[in-house]
Each structure stands twice: as structure tokens, then as C-alpha cells.
Amino acid sequence: MNILLTAINAKFIHSNPAVYSLKACTGAYSSHVSILEFTINQLPSYILKEIYRQHPDVIAFSCYIWNRSIIDQLIPDLHKILPDTDIWAGGPEVSYENMQKLAARWQLRGIMSGPGEAAFSRLVTAYCTHTPESLPAVLDQTAAPILPLDDIPFWYDTLTDFKHRIIYYESSRGCPFSCSYCLSSIDKSMDFRSVSRVLKELDFFLDHKVPQVKFTDRTFNCKKSHALPILQHILTHDNGITNFHFEIAADLLDEDYYEVLRQMRPGAVQLEIGIQSTCARTIAEIGRQTDFQKITEAVRRISSWDNIHIHLDLIAGLPFEDLKTFQNSFNDVYALHPKQLQSGFLKVLKGTRIEQNASAYDLLYTSQPPYEVLSTKWLSYEDVCLLKQIEEMLEMYYNSGQFEHTLEFLSTYFDTPFAMYKSLASWYDTHHLSGIQSSRVHRYEILLEFGCAHISACRKLQLAQLTDNRLFSALKEYLTYDLYLREHMKNRPSFAPSQERYKDTVHDILHRESETHALFPELSGCSYRNLTKMLHAEVFEIIFDRPLLLLFCYETRSPLTNNCQIRKLEI
């Protein structure tokens, strides 16, 4: 019996923990189960061919909003080339739909609804004992005893299939909160893998020096007696390499958490915090229980240690959130200076309370996955389009981390951060730049042109008059500083100020460093010639309020920002 679990992921770097968990629970029959993983970027014809080559007796698809469309394409053709193969579907994208209608349309043998480990084990047992006729069309795990997390085996006994990919790990299932847009709000139950098992399994990742382990727990720190020992273990057994990613509720942190987090190696932990909105009426309507003041205090405190990557989330399209209140939410969260700020859009997922209330909100969303908001009673489609443009600018300029100091400088010429990104989006639109792939240097050049134009308008100067203006020179220096923090450029960018007058000074400093290695002792074996290849020297006359020579060393980078190491010298 050949049973094929099929996952179609959003990117190659992703893996699908569901299919590995399902196989791990099949016990004595696991040898009859194989796994194939693809991505949505691969051609359906390629996926079809690879599935056919397995000649499966049974195919089970793991269905999500990101792969629903491609599965829609595959199943009819699979019936044609594998007419005797039974096809099953499971996952959140089919668990809350009219399953009888879907099974008929896809000509499925059946659907597995809800948490699938016990249901899939039952399915495999039936096929391997030649009793599939005993299976109903719907294996509804939501109406049956759910397999406890502690009964699910650890499936990462080998990392062969996960090279260059993110490792996902589940230490708890469910969520104590009831956010109306989230699938976790449907089932109020919570289950935790025992801490002793979690610590043992984390040691496996640490021993193998896995680059990143991403916890899939919806709210990792909802139970302190579970979360705190895990963080303490990571601190104590840090291998200097592995990064652990957690989604947390920042307003649940207390002094015990802070004491552990404060001591973490830079890059050992990253925290994702869903704020979603700072509009009180919106928060109440969607059933969230958050204290933005506590979140603010937590984020600022953790950020002050400069050792933990913080990722904050917003959702556009929530009830009672119009363009004005979303601007306020954006500005409130931007002021916390997270390493990443995700400005996402509401997905109206099947089975959620927000789907049930869609008509009351005049909520329109795309008919096809990912069921993304088009408009609401408070937010027009035109508003959504504007926010999409701003999201593009935010991803390109803020979340890339490549323009940090330039953006901070430019923001002083705008009333709010939202106004700056809105203006930048308008610049892209006016100059027909949207949707065009630009090189990194070209994005710096675009930001220079945009900044010059805006500063000129603010100061009521002509662009020609601005050429020798100190503000324009400062903007060029900030762009140069940001560029060299990230990249050792072979060709000097056109906007970088001339360094001709400092040529001899730079030569003398590099020559002295090649003899003493006082600034970069880790390069002690490097000659002058080699140092010129590993370091970049740049003099900044304005942005530090006095001339300073900066040495950029690309041998060492910050695990939080990926910026290179620098040394500042008075000249």
C-alpha cells in the first residue's frame, strides 16, 4: 500500500509540519506512507508528474489558503491519470467548508476535518488492513477525542529533508484568546507538550546547530509555567548559532521573563507580537484582550537591550477601523521602532466569527484564496489600494533594514510616519516605478530624488538651489552610510560625496591598522593590501556634527540587523 502525503508550501524555505506529524502517528504502518513537498512557484504540470511517478494508491493533500488554488487545478487531472487512486483532503482550508459539496466537486474519497493525527492514523490503518470501506466520507476529528500533543512522536529524527529550510516546532496547540478573525478562536481547548519533552527535543536542534526553529504556538507565553522554563533552557544551552522564533502576547510578560530575555545572546531569540490595531473599539469588536500601554512598555524595554529582534503586526480591514484610525494605529506602532513592521490585510477565513459577521460589516473579500479584504463599511476599496501601496513601500524601505538612518532623517520633514510612506507611495505611482524590479542602488537613488523634492518643497527652495545646501549633502551622507553598512560596494554610488581630499588620511589610518590591528584585532593576520579588501573607509562631514572617518568591517555582522561592524575615528 502506497499512501502519499502531499504538501504544497508557499516557499522552498518553508516546510509543512502537518504532514510530518501525520506520518509520525501512523505507527507500525509508517513504512506505507511517503511525503512529497512542493511549492506554489512550481508548475502544476511538474507537480502532477512527480505525484504520478510515485504511483500512489492513496493521495492526501494538506490544504491551506496559499495552496488551495493550485490543488483545485491538480485534482481533476490526477483523476484522469490515476483513476484508481483515492484522494483525501485535510487542513484548515477544507475543515470549515461544506465538506459534502467540496468532496463531490473534487470527487474526493473523503475529507479529514480538524486536527488530523488520529484521523489519519485511522485512515492508514484501514487501507493497510484492506478495510477502507469502513471509513466515512468525513473523518471529523473535531467530534472525536483529539490526540494529545505528548502522544505525537518527535519526527525530526533526521534533518536530511530540512537542509536550508525553516524548522517548525509545536509546543502548544490552541489559543486562550478569541480573536474573531483567527481559526484558533473556533476551538477553545488548549494542549501543551510536557516541558521535559520539549527541552529534550530542543536539545536535538541545538546539538545539530539548526539555524532557526520557529515555534508555531499561537501564544507561546500564555502559560508561564510552560514558557519560562523553555526560555531558561535556551539561555543556558545556547549554542551561539540557533535562533528561536516565538509569537507572544507582550502584555503578559513580567519580571521573570524580562530577566531571562535580557541575558539572551543577540540573535538567539526573536519575538513576533500581534498588535493588529490600537483603536479601542476595533479591539473590543474582534474580541482581543490587549493592553497597548503594557505592550509599548514591553517593546521599548526589550528593544533597549539590543539583543532581540522584534516583529510587530498590524491588520488593515478590521471592523470599525477606517483610514484615519488605521493611520493612528500605524503611527503608534511605528513609534516603537520594531525591527520589522508587517502591515497585513484581513483574511476572512472559513469558520471564523468575522466570516459569520461579514454582512453586518459590509465586508467584501476576494472569492478565491486568500480571501483578502476588498472593502468594509469603514474602509473603501480605494483606501485598501492606498494601503497596499504603502505596504509595498514599508516592505521595500523599512523592513529591508537597508535605509534606517535615511528614513529617520527624512521623517523629520513629515507630520507622521504614515504621511511619509503615503508620499513615497505617491512618488512611485507618479513616476511609474511601482511593480518594477529595481536594484538596491537604484532604490537608494529613488529615495534621494524623492527626498530632495520633498525637502525642497518644505523649504520652498528650487531643486537647483538645493544642490549645495547642507540638508541635501546630509541626505546623501545618510544614504551612503546606510549603503555601506550593508554592502561592500565594488563601484562607488553616484550620490556618495567625494573623498578625494581624505585620500592620504585614509591611507595612513589603514597602514597604521595593518601594523597594530588595534581597531580590528580579529584581522591581525591581514596585510595592508588585504585590509583594503576587507574594510571600507568613508569620511562623513555632516551627519555626526563633525568630520568622522568610519571604517566598515564586513567580516563581522550584527545578527539583528545584518549591518557590518564599524569603528569611528576623529580626524
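For this chain, numbers begin at 1 and follow the sequence in order.
Scanning all heavy atoms of the two residues, the minimum distance from Gly435 to Glu392 falls at N-OE2, 3.9 Å. The two residues Glu321 and Ser329 make their nearest non-hydrogen contact at OE1-OG, 3.5 Å. Counting all heavy atoms, side chain and backbone alike, Cys222 lies closest to Leu252 at CA-CD1, 4.1 Å. In terms of heavy atoms, Glu391 sits closest to Phe345 at OE1-CE1, 3.5 Å. When all heavy atoms of Cys175 and Arg218 are compared, the pair lying nearest together is CB-CB, 3.9 Å. Ile166 and Ser15 get closest at one heavy-atom pair: O-OG, 3.1 Å.
Within the 4.5 Å cutoff, side-chain heavy atoms of Tyr481 are placed close to those of Ile543. With a 4.5 Å cut-off on side-chain heavy atoms, Glu570 and Arg546 count as touching. Ile302 has its side chain within reach of Ile310: a pair of non-hydrogen atoms, C-beta onward, lies under 4.5 Å apart. Counting heavy atoms from C-beta on, the side chains of His237 and Leu199 never come closer than 4.5 Å. Using a 4.5 Å heavy-atom cutoff, the side chains of Met420 and Leu407 are in contact. Within the 4.5 Å cutoff, side-chain heavy atoms of Tyr413 are placed close to those of Leu471. Pro369 is not listed as a side-chain neighbour of Tyr64, based on a closest heavy-atom distance of 4.5 Å or more.
Between the side chain of Asn399 and the backbone N or O of Leu341, at least one donor-acceptor pair lies under 3.5 Å. Between the side chain of Thr430 and the backbone N or O of Trp427, no donor-acceptor pair lies under 3.5 Å. Within the 3.5 Å criterion, the main-chain N or O of Val210 finds a donor-acceptor partner in the side chain of Thr242. Using modelled atom types, one side-chain atom of Asp254 and one backbone atom of Tyr257 make a donor-acceptor pair closer than 3.5 Å. Judged by distance alone, the side chain of Asp217 and the main-chain N or O of Ser172 form a donor-acceptor pair under 3.5 Å. Using a distance-only test at 3.5 Å, with no hydrogens or angles considered, no donor-acceptor pair links the side chain of His309 to the main chain of Gln270. The backbone N or O of Thr416 lies less than 3.5 Å from no partner atom in the side chain of Asn331, so there is not a single donor-acceptor pair. Distance alone, capped at 3.5 Å, is enough to place a donor-acceptor pair between the His488 side chain and the Lys533 backbone. In this structure, the side chain of Arg300 does not engage the main chain of His337 through any donor-acceptor pair within 3.5 Å. Judged by distance alone, with hydrogens and angles left aside, the side-chain atoms of Asp332 form no donor-acceptor pair with the main-chain N or O of Thr278 at under 3.5 Å.
The CD atom of Glu513 lies 8.5 Å from the CG atom of Leu569; values are rounded to the nearest 0.5 Å. In this structure, OG1 in Thr532 is found 9.5 Å from NE2 in His507, a value given to the nearest 0.5 Å. In this structure, Tyr428 OH and Ser438 OG are separated by 5.5 Å, a value rounded to the nearest 0.5 Å. Between the CG atom in Leu479 and the CG atom in Leu483 there is a gap of 8.5 Å [rounded to 0.5 Å]. One finds the NZ atom of Lys324 at 13.0 Å from the CZ atom of Phe418 (value rounded to the nearest 0.5 Å). Atom CG of Leu519 sits about 6.0 Å away from atom CG of Leu551, to the nearest 0.5 Å.
In summary, the aromatic rings of Phe192 and His226 are positioned with their centroids under 6.0 Å apart. Centroid-to-centroid, the aromatic rings of His454 and Phe414 come within less than 6.0 Å.
Under 4.0 Å is where a charged nitrogen must lie from a carboxylate oxygen, and between Arg301 and Glu255 at least one such pair does. Note on Arg486 versus Glu404: no salt bridge recorded, every NZ/NE/NH1/NH2 to OD/OE distance being 4.0 Å or above.
Ring geometry for Phe544 against Phe540 counts as perpendicular: the plane angle is over 60°, on a 0 to 90° scale with 30° as the lower cut. Ring geometry, His536 versus Tyr484: the interplanar angle falls under 30°, so the pair is classed parallel (tilted spans 30 to 60°). Relative ring orientation between Phe162 and Tyr20 is described as tilted, the plane-to-plane angle lying within the 30° to 60° band. Between Phe204 and His208, the angle of the ring planes lies from 30° to 60°, which puts this pair in the tilted group. Between Tyr398 and Tyr334, the ring planes lie tilted relative to each other; the angle falls in the 30° to 60° range.
Glu408 CD: 12 or fewer foreign heavy atoms inside a 6.0 Å radius. The environment of Glu515 atom CD is dense: over 12 non-hydrogen atoms of other residues, nucleotides or ligands sit within 6.0 angstrom. For NZ of Lys347, the number of neighbouring non-hydrogen atoms (other residues, nucleotides, ligands) closer than 6.0 Å is greater than 12.
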Task: side-chain hydrogen bond (donor to acceptor under 3.5 Å, both in side chains) between Gln212 and His245, intermediate numbers included - done: CA-CA 7 Å; Gln212 185 179 56; His245 175 104; 4.7 Å; no
TODO: Could you give me the CA-CA distance, side-chain angles and deciding distance for Glu538 and Arg492, then say whether salt bridge (charged side-chain N to carboxylate O under 4.0 Å, His left out) is met?
DONE: CA-CA 11 Å; Glu538 186 83 18; Arg492 190 167 178 78; 2.6 Å; yes
Task: side-chain contact (heavy atoms from CB on, under 4.5 Å) between Leu424 and Leu447, intermediate numbers included - done: CA-CA 8 Å; Leu424 185 56; Leu447 196 58; 4.3 Å; yes
Open item on the list: Test ring-ring contact (aromatic ring centres under 6.0 Å, His included) on Phe409 and His405; report intermediate values, then the result.
Closed with: CA-CA 6 Å; Phe409 170 70; His405 302 89; over 10 Å; no
Task: Cys553 and Arg567: CA distance, side-chain angles, deciding distance, side-chain contact (heavy atoms from CB on, under 4.5 Å) verdict - done: CA-CA 8 Å; Cys553 176; Arg567 294 288 185 270; over 6 Å; no
- [ ] Would you check, one step at a time, whether the test side-chain contact (heavy atoms from CB on, under 4.5 Å) holds for Leu379 with Val373?
- [x] CA-CA 10 Å; Leu379 202 66; Val373 62; 5.8 Å; no
- [ ] Test Tyr168 against His14 for side-chain contact (heavy atoms from CB on, under 4.5 Å), laying out the working first.
- [x] CA-CA 9 Å; Tyr168 293 97; His14 298 164; 3.4 Å; yes
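Phe403 does not carry Arg443 over the face of its six-membered ring by the limits of under 6.0 Å from the centre and within 45° of the normal.
For the ring-ring contact (aromatic ring centres under 6.0 Å, His included) test with Tyr169, the passing option among Phe246, Phe244, Tyr156, Phe215 is Phe215; the others fail. With Leu235 as the partner, the side-chain contact (heavy atoms from CB on, under 4.5 Å) test is satisfied by one option alone out of Ile230, Val260, Leu261, Val269: Val260.
In the model, Glu37 has a side-chain atom that pairs as donor or acceptor with a side-chain atom of Asn9 under 3.5 Å. Side-chain contact check for His311 and Asp313: at least one donor-acceptor pair (N or O, by modelled atom type) lies under 3.5 Å. Under 3.5 Å, the side chains of Thr325 and Asp322 contain a donor-acceptor pair of N or O atoms. With hydrogens and angles left out, the side-chain atoms of Asn563 and Arg557 include no donor and acceptor closer than 3.5 Å.
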